[in-house]
Amino acid sequence: MSTGTTADTAAETTGIPELVIISGMSGAGRSTAAKCLEDLGWFVVDNLPPALIPTMVDLGARSQGNVARIAVVVDVRGRGFFDNLRESLADLAAKKVKRRVIFLEASDDALVRRFESVRRPHPLQGSGRIVDGIAAERDLLRELRGDADLVIDTSSLNVHELRAKMDAQFAGEEEPELRATVMSFGYKYGLPVDADLVVDCRFLPNPHWVPELRPFTGLNEEVSGYVFNQPGAKEFLDRYTELLQLIAAGYRREGKRYVTIAVGCTGGKHRSVAMSEKLAHRLVSEGVETVVVHRDMGRE
């Protein structure tokens with residue numbers, strides 16, 4: 001008499017839902033990110049203890065396809081349960097669950113302003129100040145941030161801009177092998193905290209010092225032409241594109257689906273913008289789904 005073990009195993013593995021774990025700093029926009037996924041048809045569970053994530057995935061696998069995508073919000077409200085997250089992730093990996101970790105980040109200044117605007121304490125500040133709670137949370141989440149597949153810095157984003165970022169990553173019907181964000185920025189405004197790779201274009205002459213080019217940006221054909229007519233500009237683009245091909249292949253092998261490439265110059269207006277546009281075009285031609293963001297253009 002058959003025990004049904006083989007059939008049961010097949011049933012349990014064929015319908016395993018896709019999983020996204022949303023975490024990050026309190027006040028950085030976890031709820032907004034979760035709501036966006038919910039609007040895109042994901043089954044969202046807020047503040048689920050990490051130890052129960054594998055159970056949630058098992059229940060989804062038994063839903064006969066009714067729960068194909070699950071998003072779980074994990075935050076410091078779980079406290080005592082948070083230490084179980086790594087064990088749960090290892091369990092999911094053993095079951096070959098397709099999972100991604102999205103980490104929402106923001107600067108201390110931005111988080112303090114947000115908590116003060118709603119007049120609520122930070123969940124970890126205790127009898128201390130808001131900044132004390134933020135520091136404690138950063139320390140608690142440091143390892144998870146390092147393991148995240150996608151880090152989104154919301155310091156300068158409003159709710160609508162964060163939703164647009166989430167839509168850009170998750171609204172597609174088919175999941176691409178790799179998604180890239182190419183972000184131009186100005187060093188004088190600080191490094192993007194969510195960058196995986198940083199490119200420095202300050203070795204090129206600055207169009208800012210050319211009076212007829214100064215008012216324009218790197219999106220202007222004359223400015224772009226000036227940048228790429230400089231010695232080393234085209235060679236740098238060619239060689240960095242080759243390096244990215246090598247890195248992208250490694251990311252795919254490791255299951256990393258998101259990469260943010262930050263391209264910087266002094267003000268984030270001319271050189272970095274021009275280089276970002278060309279680099280994004282190269283990535284698209286290589287089959288990488290790419291979004292271009294000019295963080296500091298127009299800020300001066």
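Basis for what follows: all heavy atoms, side chains included, without hydrogens, waters or symmetry-related copies. All values derive from a computational prediction rather than experimental measurement. If you read the sequence from its start, that first residue is 1, and numbering goes on from there.
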Undergrad: With a 4.5 Å cut-off on side-chain heavy-atom distances among I, L, V, M, F, W and Y, is there a chain of contacts connecting Leu197 to Leu191?
TA: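 Looking at the clustering, Leu191 is in a separate group from Leu197.
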
Undergrad: Distance to the ring centre below 6.0 angstrom and angle to the axis at most 45 degrees; does that hold for Arg295 and Tyr189?
TA: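 No cation-pi geometry.
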
Undergrad: Distance check, rounded to the nearest 0.5 Å: Ile261 atom CD1 versus Ile247 atom CD1?
TA: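 Those atoms lie 8.0 Å apart.
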
Undergrad: Check the angle between the aromatic planes of His270 and His208 and answer parallel, tilted or perpendicular using the 30° and 60° thresholds.
TA: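 Answer is tilted, since the angle falls between 30° and 60°.
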
Undergrad: Hydrophobic cluster membership, with links at side-chain heavy-atom distances under 4.5 Å among I/L/V/M/F/W/Y: are Val293 and Tyr187 in one?
TA: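 No, Val293 does not connect to Tyr187 through the hydrophobic network.
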
Undergrad: Charged N to carboxylate O under 4.0 angstrom, Arg163 versus Asp39?
TA: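 A salt bridge is present here (some side-chain N lies under 4.0 Å from a carboxylate O).
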
Undergrad: Hey, does Ile16 have a side-chain heavy atom less than 4.5 Å from the side chain of Val57?
TA: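 In short, these two side chains touch, coming nearer than 4.5 Å.
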
Undergrad: Could you tell me if the side chain of Leu141 sits less than 4.5 Å from the side chain of Met25, heavy atoms only?
TA: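 Side-chain contact under 4.5 Å: yes.
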
Undergrad: Give, for atom OG of Ser272 and atom CG of Leu279, the distance between the pair rounded to the nearest 0.5 Å.
TA: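 Rounded to the nearest 0.5 Å, the OG-CG separation comes to 12.0 Å.
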
Undergrad: Set out, in order, the CA-CA distance, both residues' side-chain angles and the distance that settles side chain to side chain contact (heavy atoms under 4.5 Å, CB included) for Val101 and Asp147, then state yes or no.
TA: CA-CA 8 Å; Val101 176; Asp147 290 339; over 6 Å; no

Undergrad: Any carboxylate oxygen within less than 4.0 angstrom of a Lys/Arg side-chain nitrogen, looking at Arg142 and Glu137?
TA: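 So Arg142 does not pair with Glu137 through a salt bridge.
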
Undergrad: Which heavy-atom pair separates Ile70 from Pro17 by the least distance, and what is that distance?
TA: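 The pair with the smallest heavy-atom distance is CD1-CG, 3.7 Å.
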
Undergrad: Carefully, step by step, assess Asp153 and Ser155 under the rule side-chain hydrogen bond (donor to acceptor under 3.5 Å, both in side chains).
TA: CA-CA 6 Å; Asp153 179 16; Ser155 302; 2.7 Å; yes

Undergrad: Is any side-chain heavy atom of Val72 closer than 4.5 Å to one of Leu19?
TA: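 Answer yes - side chains close enough.
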
